[in-house]
Amino acid sequence: MDVNGIVRLWHTDGSGEPLILSGHKGSVQAASFSSDGRRVVSAGSDGTARLWHAHDTDEPLILSHGVAVHAASFSPDGTRVISGCHDGTVRLWHVFASEHKLIEAARASLSRQLTDAQRAKYHLPPRGV
């Protein structure tokens, strides 16, 4: 547990400096890798779980609870994160490996096409254009 809000990712051979992932506003309660090793999820006393890329310091995706998060972990297939809070709640979050995968999932969940009037309302071109 880190009281400074930092997750450190060390090389398994002990070489080099750790990758520093900072952003929690309080202590880090737990951290876990995705099964492919490409992402890390951290749980913080600041009421958030944060989803990081394991190889860079880009801004994380913030999963907000509002109360201290004590645990967070990926599903085996990496498409969901489960997090548990101080208030006894557990949340299941759907996460996507890329923006493309998110768009594919959104398209698959649409039950119908937009009408031309709806497309115009949202400043989208008419179908077929």
Side-chain angles (χ1 to χ4, degrees):
M1 178 168 61
D2 185 289
V3 296
N4 299 316
I6 296 172
V7 176
R8 290 176 179 83
L9 302 181
W10 297 88
H11 299 278
T12 56
D13 64 4
S15 67
E17 293 297 315
L19 180 65
I20 304 293
L21 305 175
S22 61
H24 281 287
K25 309 292 186 241
S27 63
V28 175
Q29 302 292 310
S32 178
F33 278 98
S34 61
S35 61
D36 65 5
R38 294 175 52 195
R39 296 177 291 172
V40 174
V41 63
S42 58
S45 64
D46 61 356
T48 68
R50 295 176 185 243
L51 185 61
W52 312 83
H53 292 284
H55 302 291
D56 60 49
T57 57
D58 287 349
E59 289 296 314
L61 174 64
I62 299 172
L63 309 173
S64 183
H65 279 273
V67 297
V69 181
H70 293 297
S73 187
F74 285 92
S75 63
D77 65 1
T79 62
R80 291 181 291 304
V81 166
I82 190 165
S83 54
C85 286
H86 180 74
D87 64 2
T89 61
V90 174
R91 292 189 184 174
L92 183 64
W93 309 83
H94 291 275
V95 295
F96 298 91
S98 68
E99 186 176 297
H100 180 72
K101 294 290 186 188
L102 170 61
I103 292 169
E104 283 179 1
R107 284 184 176 150
S109 70
L110 292 175
S111 60
R112 61 181 172 81
Q113 295 290 322
L114 296 175
T115 66
D116 287 334
Q118 290 169 320
R119 293 182 70 78
K121 178 180 178 181
Y122 296 108
H123 307 287
L124 297 170
R127 284 180 282 186
V129 174

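No experiment lies behind these values; they were computed from the predicted model shown. Along the sequence shown, residues are numbered consecutively beginning with 1.
The minimum heavy-atom distance between Pro18 and Arg8, with the atom names listed, is CB-CB, 4.2 Å. Taking both residues in full, the closest heavy atoms of Ala71 and Ala30 are given as CA-CB, 4.3 Å, listed atom of the first, atom of the second, then distance. The two residues Ala31 and Val7 make their nearest non-hydrogen contact at CB-CG1, 4.5 Å. Summarising the geometry of Ala72 relative to Ser32, their closest heavy-atom pair is O-CB, 3.6 Å, with the distance given to 0.1 Å. The minimum heavy-atom distance between Asp36 and Ser34, with the atom names listed, is OD1-OG, 2.6 Å. Looking at every heavy atom in both residues, Asp56 comes nearest to Asp58 through OD1-N, 3.0 Å.
Atom CD1 of residue Ile6 and atom CG of residue Leu19 lie 11.5 Å apart, to the nearest 0.5 angstrom. If you take OG1 on Thr57 and CG on Leu9, they are separated by 11.0 Å, rounding to the nearest 0.5 Å.
Applying the ring pair (Phe, Tyr, Trp, His ring centres under 6.0 Å) test to pairs two or more places apart or on separate chains, those with a residue in residues 67-95 are His65-Trp93, His70-His86.
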Can you give me every donor-acceptor pair (side chain of residues 38-45, partner residue at least two apart or in another chain, under 3.5 Å) with its distance?
residue : atom : partner : partner atom : Å
Arg39   : NH2  : Gly78   : O            : 2.7
Ser42   : OG   : His24   : NE2          : 2.7
Ser42   : OG   : Trp52   : NE1          : 2.9
Ser45   : OG   : Ser27   : N            : 2.9
Ser45   : OG   : Ser27   : O            : 3.4
Ser45   : OG   : Ser27   : OG           : 3.2

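Cluster partners of Val67: none. The rule joins Ile, Leu, Val, Met, Phe, Trp and Tyr whenever side-chain heavy atoms lie under 4.5 Å apart, and it links nothing here.
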Worked verdict on Leu92 versus Val90 for side chain to side chain contact (heavy atoms under 4.5 Å, CB included): CA-CA 7 Å; Leu92 183 64; Val90 174; over 6 Å; no
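Of the possible polar contacts, one joining the Arg91 side chain to the Ser64 backbone as a donor-acceptor pair under 3.5 Å is found.
Cluster membership for Leu21 and Phe33, using ILVMFWY side-chain heavy atoms within less than 4.5 angstrom, is shared.
In this structure the side chain of Cys85 reaches within 4.5 angstrom of the side chain of Val69, judged on heavy atoms.
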